[in-house]
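Order of the sequence lines fixes the chain letters, A, B, ..., with proteins taken first and strands second; residue numbering starts at 1 for each chain. What you see below is based on every heavy atom in this structure, not just the backbone, and it leaves out hydrogens, waters and symmetry mates.
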Protein chains: 2
Amino acid sequence: MNSPTGTRDPDQTRERILDAAYKLFVDKGFAAVSMRDLAEESGVTKSLIHHHFGSKEALWELVKERAIEAYAKGQVAELEAAEEPGPQLLHDSIERYFRFLQEHPEVARLFAWTHLDADQSCGKLDAELVRLGAERIRQAQGRGLLRADVNPANVVTLFVGCCTHWFQARAHHAHWPGVGDDEEFLDDFLKIVMGGLLPRDGKEGS
Amino acid sequence: MNSPTGTRDPDQTRERILDAAYKLFVDKGFAAVSMRDLAEESGVTKSLIHHHFGSKEALWELVKERAIEAYAKGQVAELEAAEEPGPQLLHDSIERYFRFLQEHPEVARLFAWTHLDADQSCGKLDAELVRLGAERIRQAQGRGLLRADVNPANVVTLFVGCCTHWFQARAHHAHWPGVGDDEEFLDDFLKIVMGGLLPRDGKEGS
DNA sequence: GTATTAACTGGCCGACCGGTCAATAAGGGC
DNA sequence: GCCCTTATTGACCGGTCGGCCAGTTAATAC
């Protein structure tokens, strides 16, 4: 069922199947999507999907891997091209991640599915991103630009988790009284986290 | 198949079914659990589950509703019995929520499922909890004990989201270099958030 | 004791599941 | 031209799905 009747383009076919699978799996979850759904959405036969990807599970693994790898590589590239370590870089990195999820909310859903899958492999793909982010924070700490008594990796985990959850729980928040929109939340979040990470003017205990 | 052969206790039976459904649904998700799984886990027949709850969907809705209502009521009770509004109350509330999820990690999973369900009703059940928490923060802000230029509801959303995501993404974090354990993360999180929410010693712009 | 109600069972239904397989057809190398 | 590879199809498999229904059995009301 490729566009010019009777012609074949296996690469494009694979792409179409992967796109359809990404859309349906992220939307409904692995268990709620059938091979027949995938076949219909991508405009090919069930058998052809098996031919190209082997099994439903294998397709799902590939979909996850591709999406997370693309995300991680993009973020790493932006982080490596960034300015000197310091509060501004942290601020920009948080906002960059927030904007990314804002434009690609389906990625937040994908993360949620992988967490519930107890997925082993997907956590490894963004490890490099976390390592790089933590390193930048550690450098800023070494220069006295960020408070030094917190674990840099925990800082990354904190802001990634907070932003991710914001988009995952959007439907929930709609029922919560007084919760603001994306912009207000990002503003407040940045105020609090940056305020908590800047070194205090005076020395402080506790 | 109740304990004393031949006797009946429909309330206990319903309870057993609900317990089994909670366990299986939270573990595998709605779509990946069959009525036959539920029947086996609870030790009754498939037909009996239909008799008591009507359908698989209705059972899932009831399971979600009960669990979230119990959680919300418990947290509201603790919050209402708490001390005066201020930094200490906020600190304790964050830690209380964190400890709750630490003891009941399945609740974090339940939240993830409800988010992916695009569940309409479950967000309403904890609205009262959010309203109450935000009100306490607003009171503390009014007394100058917490910085006043952030939306209290966003503060609640922030710490709830961060703690929830921490437990949802645990498997992921295992692959992230340098991320600490529960105690270290909670410590760092509290340092940052409390540090960011305390009024600055000197007035500051920006 | 008997009638009524509700808890509970086992068997059955049509639909759908993921996967396989033989057959067909198109493309590329020669 | 032919051949070999492979993309692609549709029919088919055994198994499982959620739900239904007729029948049995225990508690209850009178």
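By the 30° and 60° cut-offs, the orientation of the rings of B:His115 relative to B:Phe111 is parallel. The aromatic rings of B:Trp176 and B:His173 sit tilted relative to each other, their planes meeting at an angle between 30° and 60°.
When distances run from any side-chain atom of B:Ser34 to the nucleotides D:dT8, D:dC17, C:dT9, the shortest one goes to D:dC17.
Judged by distance alone with a 3.5 Å cut-off, a donor-acceptor contact links the side chain of A:Ser47 to the base of D:dG10. For B:Arg8 and D:dT25, a side-chain-to-base donor-acceptor distance below 3.5 Å is present, hydrogens and geometry of angles not being considered.
If you take CE of A:Met35 and P of D:dG15, they are 20 Å apart, rounded to a whole angstrom. Counting to the nearest Å, the P atom of D:dG18 and the CG atom of B:Asp37 are 8 Å from each other. Taking atom NZ on A:Lys56 and atom P on C:dT20, their separation rounds to 15 Å, with Å as the unit. Residue B:Lys28 contributes atom NZ, which lies 10 Å from atom P of D:dC17 at whole-angstrom precision. The CZ atom of B:Phe30 sits 13 Å away from the P atom of D:dC17 (whole-angstrom rounding). One atom, CG of B:Asp11, and another, C1' of C:dA6, lie 12 Å apart when rounded to the nearest Å. Atom NE2 in B:His50 sits roughly 18 Å away from atom P in C:dC12 (whole-Å rounding). Between the CD atom of B:Gln12 and the P atom of C:dC8 there is a distance of 9 Å, rounded to whole Å.
B:Thr13 has a side-chain polar atom (N or O) that falls below the 4.0 Å cut-off from OP1 or OP2 of C:dC8. Applying the 4.0 Å criterion to OP1 and OP2 of D:dT8, one finds that A:His51 has every side-chain N and O outside that range. At D:dT8, one or more side-chain N or O atoms of A:His52 fall inside 4.0 Å of OP1 or OP2 (strictly under the cut-off).
Two residues are said to be in side-chain contact when any heavy atoms from C-beta on lie closer than 4.5 Å; A:His172 and B:Cys122 meet this criterion.
The two atoms that bring B:His50 and B:Ser55 nearest to each other are CD2-CA, 4.2 Å, heavy atoms only.
Heavy-atom distances to DNA chain C give each of B:Arg36 and B:Thr45 a nearest nucleotide, and the one nearer the 5′ end belongs to B:Thr45.
For residues 155-167 of chain B, every residue pair satisfying the side chain to side chain donor-acceptor pair (under 3.5 Å) rule, not counting sequence neighbours, is listed here: B:Tyr97-B:Thr164, B:Trp166-B:Asp182.
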